[in-house]
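Counting from 1, the numbers follow the sequence of the chain as shown. All values below come from the heavy atoms of this structure, side chains included, with hydrogens, waters and symmetry mates left out. Remember, it's 1-based here, ligands and their atoms both numbered in the order they're listed.
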Amino acid sequence: MMNANEYVESLKKLRKKVYMFGEEIRDITVHPFLKPTLNSIALTYQLAHDERYRDLLTATSHLTGRRINRFTHIPQNTDDLVKKVKMLRLLGQKTGSCFQRCVGMDAIITLSSVTYEIDQKYGTDYYKRFIRFLVRVQDEDLMCGGSMTDVKGDRGLRPSQQKDPDMFVHVVERRDDGIVIRGAKAHQSGSVFAHELIVMPTLSMRESDRDYAVSCAVPADADGIVYIVGRQTNDSRKMEECEIDVGNLQYSVAGHEALVVFDDVFVPWDRVFMCGEWDFSGVLVERFASYHRQNYGGCKVGVGDVLIGAAATIADYNGVSDASHIREKLVEMVYLNETMHACGLACSYEGVKLPSGTYYVNPLLANVTKLNVTKFPFEMARLAIDITGGIIGTQPSEKDFKHPAVGRYIEKYLKAREDIPTEHRMRIVRLIENMVTGTGLIESMHGAGSPQAQRIMIARQADLEFKKKLAKILAGIERS
Ligand code: SF4
Ligand code: FE
C-alpha cells in the first residue's frame, strides 16, 4: 500500500493535460486551488498505515490474500459493506470535505459483478480481463476515477438521437487491437488526481445506442484526455494566500470536479469491460448508483459531524451554548445526521451476494439514504447559519484583520466571550461559512445522481401492489 507521499510522488510521473482559470497547470500537486483536494485523497492513503484505522481503511484481497487499501477492495460480505460506510464517515470527519476516491472504488465494485454476468450470458471474457486489471489496482494501490456522467446534450433525446453524436461517450472505431472512444464526462470528482479512469455508461441503453454501451479502464494521462477543472464558490480565496478566509485550509470544504474530454482515446482490448452489450448498461448504472448512494450515509455524515461541532463551538464562543433554543437546534442537527447514517448502515446490513460473489447493498434503502442527503444537509446548514448569527455573511477579510490601521478595530469589536481570542471566533465562522455556502451542498443534491434519479429507483422498488394488498386484507376487501 502506498503512503501519502508515495501517492503524491506517483502523480508527478503522469503527463496530464489539466486546464483551469484559462491556463494549463504544469504541476497539479502544488497548485493552491487543487492542493486541498490532493491532501484529502492523500489521507485515504495515509490512514491505511495508521494502526488505529487499519480495520476500516484496509482489507484482505479475496484475489491475492494480500493486505490492500479498502478503496481497492470488493465487498465479500455485509461486514465489508458496513465498514465501507464507517470508513467514509471517518474520512469525512477528518477532512470535512469530499475525498474523491470513492467513485473509482464503486466503479470497480460494480464491474466485478457486471462483467461476470455479461460473460455468463454472452461467453465473453470481460471478467478475466477485469480481474487482471483489478489485481494491478490493488497491488499498486491505484487511485481510480469513475467516469460515468455524460454531458448528455438534449436531455429529451437518446444518445443515438443526438444531433452531435459525442454528447455521450461512445466507440468511434473498433480495431484488431482495441477501440477508440470519444465524448466527455462531466463533474468528474477526483479525476485530476487519478491514475486510472474507469469509463462506464451513464444510463440504460437501447439496442440503437449499442456504441454507447461501453466500459473500459484508461490510464488517466492517455493521449486525447483533457481535464478542464470547474470553478467553485470562494475558489479565488485559495489563491489569495490567506489562511482564515478559506475556512478549511488543509482540505478545503469540497473536492474539485472536472469536465473530462475523451478526444479519440485508444483503449486496448484487455482494458475493455463492456462493448456493445447494451442490455447490461441498466444494471451497471443501477448498481453503481446504489453503491455510491450508500456512501453518502458515511461521507456526508462525517462532514455533518464537523458542521455540528463547528456550530456548537461558535455557540460556545458567542456565550450562548446554554440557551435552550441553541441546544434544541444542535439536537436537531444530530438527529438529521444520524438518520442519514442509519440509512447508510441499513442498506449495508441488508446487502446480498451476487453471482460473482460481490456483495450488493439493498438498493431501495441506498436510494432512501441519498434522497435524505438531498435534504438534510440543507436543513443542517440552515440551522448552522441560524446559530452562527449574521456575522457569517459580513465578517471582514483576513487581510483587514491583519491590516496595521484597522486590524485592532476588528480585534476589539468582533470579540464575543472575553476568554476567546477574536481570531478563533473568526476562524470558526469562516469554516461554517465555507461549509454552508460552498460547492459541498450542491454535491449533496446532485452527487451520485439528482433527487429525481433516486425517486425513480424508489418508485421501481416500492412494490405498491404488495402494500395495497396488505391494506385490502385488513379492510376486509380481499382475503390473504
Ligand atoms: Fe466519496 Fe462522498 Fe466525495 Fe462521493 S461525495 S467521492 S462518496 S467523499
Ligand atoms: Fe460525490
Ligand 1 to K300, heavy atom cutoff 4.0 Å, flagged ligand atoms 5 (S)

Ring centers of Y296, H292 separated by less than 6.0 Å: yes

Near atom 1 (Fe) of ligand 1, is there an N/O/S atom from C102 that is less than 2.8 Å away? yes

The Fe ion (ligand 2) contact by N295, N, O or S atom under 2.8 Å: no

Closest protein heavy atom to atom 4 (Fe) of ligand 1, given as residue, atom name and distance to 0.1 Å: H292 NE2, 2.9 Å

Among all protein heavy atoms, pick the one closest to atom 2 (Fe) of ligand 1 and tell me residue, atom and distance. C299 SG, 2.3 Å

Compare all side-chain heavy atoms of F21 with those of D235 and state whether any distance is below 4.5 angstrom. yes

What protein heavy atom lies closest to atom 5 (S) of ligand 1? Include the residue and the distance to one decimal. E443 OE1, 3.2 Å

If we set the cut-off at 4.0 Å for heavy atoms, which region of S189 has an atom near ligand 1: side chain, backbone, both, or neither? neither

Can you list the ligand 1 atoms lying under 4.0 Å from a non-hydrogen atom of Y296? 4 (Fe), 5 (S), 7 (S)

Atom 3 (Fe) of ligand 1 sits nearest the protein heavy atom C98 SG, 2.2 Å

Do E6 and Y45 make a side-chain contact, defined as non-hydrogen atoms from C-beta onward lying under 4.5 Å apart? no

Is it the case that the side chains of R67 and T60 hold a donor-acceptor pair, with the cut-off being a distance below 3.5 Å and no angle test? yes

Say whether, by atom type as modelled, one donor and one acceptor occur between the side chain of D80 and the main chain of Q76 under 3.5 angstrom. yes

Name of the E443 atom (N/O/S only) found closest to the Fe ion (ligand 2): OE2

Side chains of Q93 and D305: do they bring a donor and an acceptor to under 3.5 Å? yes

Using side chain to side chain contact (heavy atoms under 4.5 Å, CB included) as the criterion, point out the one residue from L111, V103, V114, I198 that pairs with F288. V103

